Structure formats: C-alpha cells, structure tokens
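Heads up, the thing below is written out as structure tokens.
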There are 2 protein chains.
Amino acid sequence: MTLPSTYADRNCSLARTLEVVGERWTLLIIRDAFFGVRRFGDFVAQLKIPRAVLTSRLKSLVQEGVLVREDDASGGVEYRLTAKGEALWPVLRALMSWGDTFYSPAGAKRAFRHDEDGGLLDHEGRCQDCGSTVPVPQIRLEPGPGFEPEGPEGDAVSSAINTPRRLLQPITAPRPIPAGRGELS
Amino acid sequence: MTLPSTYADRNCSLARTLEVVGERWTLLIIRDAFFGVRRFGDFVAQLKIPRAVLTSRLKSLVQEGVLVREDDASGGVEYRLTAKGEALWPVLRALMSWGDTFYSPAGAKRAFRHDEDGGLLDHEGRCQDCGSTVPVPQIRLEPGPGFEPEGPEGDAVSSAINTPRRLLQPITAPRPIPAGRGELS
DNA sequence: AGCAGTAGTTCAGTCACTGAACCAGACATG
DNA sequence: CATGTCTGGTTCAGTGACTGAACTACTGCT
C-alpha cells in the first residue's frame with residue numbers, strides 16, 4: 001500500500017498494518033497460505049494473480065516476516081506462514097465473517113470447526129462445544145451452508161481447498177514425489 | 001480493489017469483502033468515521049488523501065451501504081456509518097491489534113474502554129470488568145501506552161481524535177456555527 | 001540431447017493514484 | 001449588487017502500479 005511511508009498518522013496501528021497487508025492481493029495470498037497453499041505455481045493457479053505481482057508480494061511478505069521462503073525436500077520452493085503470519089488469522093476471520101453476513105444470504109461460505117471435538121466455531125473463533133479459543137492448527141475448514149459448488153472443471157488445488165481439512169495443512173497437488181516417485185509405473 | 005469483478009473464487013467471502021473495503025485508503029476512511037469524522041474536508045485534512053480519491057471512495061462506500069451521505073442542519077454534507085459499516089468494527093480492531101502487537105513495542109497506540117463502567121477491552125472487544133461484548137457506541141477511545149504525542153502543530157481534527165471520547169461521536173471542528181459565528185471577534 | 005516442471009523476469013499497454021489548480025453553490029458582509 | 005469565504009467537489013497532466021503474455025533459467029528425468 002505504501003501510504004507515503006511517512007504515515008500521515010503514525011499513531012495509527014491500522015495504517016501500519018495496511019502497509020504490510022493492505023495492498024491488492026496480499027490478503028488473498030495469506031488466506032491461501034492458511035488454507036495450505038505453499039508453492040508459487042499453486043498461488044498463481046488458485047488466485048489467477050499475475051506472476052510479477054505475486055513475486056513482488058511474496059518478497060515483501062517475506063521481508064516483513066509474515067512468510068518464510070524455504071527450499072523443500074524435492075528442490076522446490078515453499079512459502080509458509082510464520083507465527084507473525086498466523087497471528088493474522090483474526091483479521092481474516094473478521095473479514096470473512098463480514099462478507100458472509102452481508103453478501104451470502106444462504107449462510108457462511110466456509111465453516112470452521114474445532115478439529116479435536118468437532119465443535120463449530122463462532123465468529124470470534126471460539127469453539128461452541130468446549131468454549132476455548134481454538135489455535136489455528138486445530139481449526140478444520142469445510143464448506144459452509146452458503147458454499148456454491150463450482151463447475152466440474154475444478155483444478156486440483158481448488159478442490160483440495162474445498163475439501164474438509166485443517167488449516168495450514170499443506171496442499172499436495174499431484175506432483176512428482178521425489179522419494180518414491182515411481183509408484184505409478 | 002476490483003479483482004476482475006468476476007472473482008476467481010466466488011466462494012470466498014474474503015474476496016467479496018475486499019471488493020468493498022480492500023482498496024487503498026478505504027479502511028482508513030472507515031476508521032476515521034468510527035472516530036467521529038463526518039465531513040469531506042475533515043477527511044482530507046486528517047488523512048491527507050487526494051480529494052479525487054476521497055470522492056471516489058465515499059461514492060462507492062455509500063453505494064455499498066457502508067456509509068450514508070446526508071445534508072446536515074447547517075447545509076453541509078455528512079458521511080456517517082450505517083449499521084453495515086459499524087459491523088466492520090471487528091475488522092478494524094483485528095487489524096489495529098495486529099499492528100500494535102508487532103509494530104508498537106511500547107504497547108497499544110490506542111486503548112478502548114467500556115464507557116459505562118470504565119473497563120478496558122481485550123482484543124476481542126470484551127470488557128474486562130463486566131465481561132460483555134461492548135457495542136460500538138459505548139466504546140471509549142483514548143491514547144494507549146504506545147501513543148506518541150505529535151508535535152504541537154496538531155490540527156483541530158487530530159487533537160479531537162486523540163482526546164478520550166466515544167466512538168462515532170461527531171467531531172465538531174471549530175467551524176463557523178450558523179447561529180452564532182461571531183464568537184471570535 | 002530433449003523434454004517437462006517450477007520459479008521466476010521482462011515488457012508494452014492500461015489503469016489508478018497523486019497533487020495542484022480550478023469550479024460552483026451557499027451564505028455573509030459592505 | 002460586488003466581494004469574500006467556506007465547503008464539497010471536478011479536472012488534468014504526470015507518475016507509478018497492475019495486467020497478461022511471452023520469455024528465461026534451473027532442475028531432474030529419460
């Protein structure tokens with residue numbers, strides 16, 4: 001967003017935060033990261049974001065410590081949320097919740113559950129069964145009542161995202177597996 | 001933000017929400033609205049936003065039902081949050097809270113209290129005294145421990161914002177009062 | 001060598017934002 | 001009525017950001 005970098009109001013943490021996550025695409029990238037997307041190509045496929053923009057956003061998110069970039073076992077590159085990045089979960093939850101409330105008459109497009117006991121989470125992220133605030137890695141994501149199934153052409157990454165699974169759990173798109181890649185022959 | 005208007009992922013309420021509040025400046029305008037700013041000129045002065053951009057953002061926020069535009073008693077124009085706009089408070093709180101956590105080592109730049117009983121609000125917006133989730137109009141805003149006072153040149157609108165007061169309470173910048181404007185002679 | 005997959009870079013075209021100047025209506029004053 | 005001020009805008013040239021498509025570079029397989 002780069003409001004002129006010398007914020008008009010340096011007493012506003014909102015402006016400071018928007019410097020980091022307020023640019024176009026940035027929060028969608030972070031959302032995908034929560035949903036398990038880790039690879040450059042998967043972000044491109046899932047978001048249809050121009051590659052140059054993705055490069056730039058990933059770079060600045062890494063610089064800000066929201067993501068880490070690391071080489072994975074198979075020689076590829078992975079982008080993962082740091083603790084600082086995971087701390088953005090309440091932001092995403094609030095944004096999604098507002099959108100569900102005002103733009104999804106049939107109900108939330110995605111539901112979140114406490115994976116340990118199956119309890120639904122309220123919009124403050126609390127488990128309605130056990131009452132605790134559920135840590136991000138224990139949240140299970142699944143299609144909600146307002147979910148609209150897409151055409152049958154869904155790509156691998158999308159359908160992985162739309163299947164019940166825990167947040168942060170890496171999406172393993174069908175990709176040559178380095179160790180045992182011969183299992184299909 | 002206008003992601004190509006046909007969202008890559010129409011099942012994401014996040015994308016839908018960002019269509020409405022994701023553009024540059026928009027959330028800062030809404031923050032100011034929560035803090036009591038209502039007039040075109042005050043937004044310009046407080047945010048140092050280009051007037052053309054402000055015009056465009058106000059127009060689309062009104063169109064989306066986040067703000068209402070109405071003529072006030074003295075013939076001026078006022079922009080006010082609707083209920084839909086007030087529902088964005090958790091979003092702002094989450095963004096500010098994240099910024100405070102990671103970019104304000106001396107503590108939150110602004111503190112929020114339950115004006116009825118003086119209790120501090122936690123980052124979920126609950127009063128630590130009475131335990132209730134405090135409705136927006138009952139929240140009192142005041143400088144927090146991380147607040148950095150500005151130079152003495154602070155304009156009227158800023159100093160009003162930085163003085164303890166309730167959210168949504170209109171800022172009355174020193175402005176010719178239609179009835180008795182002669183008080184300075 | 002040839003091929004495919006991944007993670008980028010480059011580049012022309014378009015669009016949005018910036019900052020400063022200008023405009024118009026309402027009201028007041030002389 | 002002419003003048004000035006306040007407010008809420010609009011206009012416009014210059015700059016920067018985003019878009020989409022093509023291209024590059026590195027890796028590993030066959």
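Since the model is a prediction, treat every value here as computed from it, not as a measurement. We name chains A, B, ... by the order of the sequence lines, and we start the count at 1 in each one.
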Taking CH2 from B:Trp25 and C1' from C:dG19, how many angstroms apart are they, rounded to a whole number?
12 Å
Return the polar atom pairs (N/O with N/O) between nucleotides 8-12 of chain C and the protein under 3.5 Å, or none.
| from | atom 1 | to | atom 2 | distance (Å) |
| --- | --- | --- | --- | --- |
| C:dG8 | OP1 | A:Arg69 | NH1 | 2.8 |
| C:dG8 | OP2 | A:Arg69 | NH1 | 3.2 |
| C:dG8 | OP2 | A:Tyr79 | OH | 2.6 |
| C:dG8 | N7 | A:Arg51 | NE | 2.9 |
| C:dG8 | N7 | A:Arg51 | NH2 | 3.0 |
| C:dG8 | O6 | A:Arg51 | NE | 3.1 |

If you define the side chain from C-beta out and look only at heavy atoms, does anything of B:Pro143 sit under 4.5 Å from B:Pro164?
yes
Whole-Å distance separating the CG atom of A:Asp42 from the P atom of C:dA7:
8 Å
On the 0 to 90° scale, with breaks at 30° and 60°, tag the A:Tyr79-A:Phe43 ring pair as parallel, tilted or perpendicular.
perpendicular
Length of the line joining B:Phe43:CZ and D:dT7:P, which is rounded to integer Å
15 Å
note: A:Asp72, atom CG; C:dT6, atom P; distance rounded to Å ~ 11 Å
Would you call the rings of B:Phe34 and B:Trp89 parallel, tilted or perpendicular, taking 30° and 60° as the class edges?
tilted
Contacts of B:Glu78 that satisfy side chain to side chain donor-acceptor pair (under 3.5 Å) - sequence neighbours left out:
B:Arg38
Rounding to a whole Å, what distance do you find between B:Arg38:CZ and D:dT7:P?
16 Å
A side-chain contact here means heavy atoms from C-beta on lying under 4.5 Å apart; do A:Lys109 and B:Arg16 qualify?
no
CZ of B:Arg24 versus C1' of C:dG19: gap in Å, rounded?
13 Å
Round to a whole Å and report the spacing from NZ of B:Lys48 to C1' of C:dC17.
18 Å
